[in-house]
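Just below is one structure, and these are the notes that go with it.
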Amino acid sequence: MIYPVIDGAESFFIKGNSVGLLLSHGFLGTPQSVKDLGEQFAELGYTVYAPRLKSHGTHYKDVEKATHEEWLSDLEKGYKRLKRHCSVIYVVGQSMGGTLAILLANKQQGIDGLILINAALFVPSYESLRNQITPRYIEESKPDIKKQGVVEITYSKVPLRSIHQLQRLMNKITVEELRNVKIPLLSFKSLEDHVVPPENTDYIMQHVSSLKKRSISLSDSFHVASMDNDKNKIIRKTHAYIQENLQGTEISV
């Protein structure tokens with residue numbers, strides 16, 4: 001069965017200047033979770049693209065068939081699309097999107113920097129399911145967002161097979177993989193995150209080889225920080241960081 005894309009969960013592209021931001025949503029999320037970031041980055045002049053990863057934003061039975069290789073491939077296609085428009089590209093990854101961003105940076109040498117938001121290397125609530133074969137579907141808790149009234153498009157259930165795909169993806173982030181990251185890196189971590197503990201970000205920062213790296217704590221957001229109370233802080237700090245790195249670089253419109 002072919003499931004239609006949920007209204008509001010579509011990929012989005014906004015043309016701006018020659019600096020591109022590739023936005024990656026997280027596991028079971030959609031481009032809607034980074035839409036506000038994207039629109040505000042576009043207002044600052046950037047070219048923005050947020051692809052919808054395979055079988056996200058449709059139905060939980062659809063994502064059961066997807067693989068982590070396909071998710072990385074979708075993000076890589078997004079990078080190649082941006083590359084046609086931009087001479088400088090930063091990848092902004094939320095949660096699993098951060099995991100994918102690290103892998104993509106080691107695969108594509110043309111990426112100029114990474115912006116990670118609660119990047120996922122380890123999800124404690126899924127650990128007991130690592131070697132399980134049942135149940136087929138598991139009830140998902142509501143999105144981990146502190147701000148009241150925010151609705152994220154996601155699934156009410158998650159296939160066990162999809163959890164295993166996520167775990168295989170996170171397992172790819174070895175110490176060696178992190179040491180290969182040498183480009184500028186800005187990481188955001190929510191101090192109270194009920195999905196991905198902030199120690200995930202600490203581990204990344206400790207092991208990457210980037211000479212220019214910075215970690216910023218978020219004190220008023222939970223896991224989906226791209227939709228939470230610190231959203232504007234993420235935009236402001238990201239913009240400042242990129243502009244700092246771009247000093248002396250000619251930007252075309």
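When a residue number appears, it is its place in the shown sequence, counting from 1. Just the heavy atoms: all of them, side chains too, but no hydrogens, waters or symmetry mates, feed the values below.
Judged by distance alone, the side chain of Tyr241 and the main-chain N or O of Leu185 form a donor-acceptor pair under 3.5 Å. In terms of modelled atom types and a separation under 3.5 Å, the side chain of Thr47 and the main chain of Asn17 share a donor-acceptor contact.
Between Lys189 and the choices Asn200, Thr201, Asp202, the side chain to side chain donor-acceptor pair (under 3.5 Å) rule is met once, by Asp202. With respect to Tyr155, the side chain to side chain donor-acceptor pair (under 3.5 Å) criterion is satisfied by exactly one of Thr58, Thr30, Asp62: Thr58. Asn106 pairs in a side chain to side chain donor-acceptor pair (under 3.5 Å) with only one of the listed residues (Glu176, Arg179, Glu177), which is Glu177. Screening Leu21, Val224, Leu23, Val48 against Val34 for a side chain to side chain contact (heavy atoms under 4.5 Å, CB included) leaves a single residue, Leu23. Paired with Glu64 under the rule side chain to side chain donor-acceptor pair (under 3.5 Å), one option of His59, Lys157, Arg136 passes, and it is Arg136. When each of Ile242, Ile117, Ile216, Val92 is paired with Leu186, the side chain to side chain contact (heavy atoms under 4.5 Å, CB included) condition holds for Ile216 and for no other. For the salt bridge (charged side-chain N to carboxylate O under 4.0 Å, His left out) with Glu76, the qualifying choice from Lys107, Lys83, Arg81 is Lys107, the only one to do so.
The number of heavy atoms from other shown groups lying within 6.0 Å of NZ (Lys233) is above 12. Surrounding NZ of Lys54 are at most 12 heavy atoms belonging to other residues, nucleotides or ligands under 6.0 Å away. Open room surrounds NZ on Lys172; 12 or fewer heavy atoms of other groups in view lie less than 6.0 Å from it. Atom NZ of Lys182 is surrounded by 12 or fewer heavy atoms from other residues, nucleotides or ligands within 6.0 Å. A 6.0 Å sphere centred on NZ of Lys212 holds more than 12 heavy atoms belonging to other residues, nucleotides or ligands.
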query: Going through the checks in order, is the side-chain contact (heavy atoms from CB on, under 4.5 Å) test met by Asn232 and Gln40?
result: CA-CA 9 Å; Asn232 289 334; Gln40 292 195 53; 3.5 Å; yes
query: Stepwise, does the side-chain contact (heavy atoms from CB on, under 4.5 Å) test hold for His25 with Glu152?
result: CA-CA 11 Å; His25 64 78; Glu152 181 188 10; over 6 Å; no
field: Stepwise side-chain contact (heavy atoms from CB on, under 4.5 Å) check, Gln167 with Ile163
entry: CA-CA 6 Å; Gln167 290 170 331; Ile163 291 174; 4.0 Å; yes
field: Residues Val158, Tyr60; criterion side-chain contact (heavy atoms from CB on, under 4.5 Å); working and verdict
entry: CA-CA 6 Å; Val158 55; Tyr60 66 83; over 6 Å; no
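Rounding to the nearest 0.5 angstrom, the gap separating the CG atom in Asp193 from the CG atom in Leu218 is 9.5 Å. Taken to the nearest 0.5 Å, the CD atom of Gln165 stands 8.5 Å off from the CD atom of Glu70. To the nearest 0.5 angstrom, Lys231 atom NZ is 8.0 Å from Met227 atom CE. A distance of 5.0 Å separates CZ in Phe27 from OH in Tyr126, rounded to the nearest 0.5 Å. Atom OG1 in Thr174 sits 10.5 Å away from atom NE2 in His207 (nearest 0.5 Å). We find the CH2-OG1 distance between Trp71 and Thr99 to be 10.5 Å, quoted to the nearest 0.5 Å.
Side-chain heavy atoms closer than 4.5 Å link hydrophobic residues (I, L, V, M, F, W, Y) into clusters, and following such links, even through other members, never connects Ile234 to Leu116. At a threshold of 4.5 Å between side-chain heavy atoms, the hydrophobic network of Ile, Leu, Val, Met, Phe, Trp and Tyr places Leu114 and Val19 in two separate groups.
The side-chain heavy atoms of Leu160 and His164, taken from C-beta on, include a pair separated by under 4.5 Å. For the pair Leu22/Leu104, a side-chain contact is recorded, criterion being any heavy-atom separation below 4.5 Å from C-beta on. Looking only at side-chain heavy atoms (C-beta outward), His223 and Gln94 come within less than 4.5 Å of each other. Contact check for Ile111 versus Tyr79: side-chain heavy atoms found under the 4.5 Å cut-off. You'll find the side chain of Leu166 stays beyond 4.5 Å of the side chain of His68, heavy atoms only. With contacts defined as side-chain heavy-atom distances shorter than 4.5 Å, the pair Arg52/Ser11 qualifies. Under the 4.5 Å side-chain criterion, counting only non-hydrogen atoms from C-beta, Leu28 is in contact with Glu140. Looking at Phe222 and Val195, their side chains never come closer than 4.5 Å, going by heavy atoms from C-beta outward.
Pro184 and Asp112 get closest at one heavy-atom pair: CD-O, 3.2 Å. The shortest non-hydrogen separation linking Val63 to Ser162 is O-OG, 3.1 Å. Between Met205 and Val208, the closest heavy-atom pair is O-CG2, 3.8 Å. Ala225 and Asn118 get closest at one heavy-atom pair: CB-ND2, 3.8 Å. Taking all atoms of both residues into account, the shortest heavy-atom contact from Asp228 to Asp144 is OD2-O, 4.4 Å. Residues Gly8 and Ile153 approach most closely at C-CD1, 3.8 Å, considering heavy atoms.
Cation-pi geometry between Lys35 and Phe12 is satisfied (NZ or CZ under 6.0 Å from the ring centre, within 45° of the ring normal).
Taking the six-membered ring where the residue is Trp, the centroids of Phe13 and His85 are separated by under 6.0 Å.
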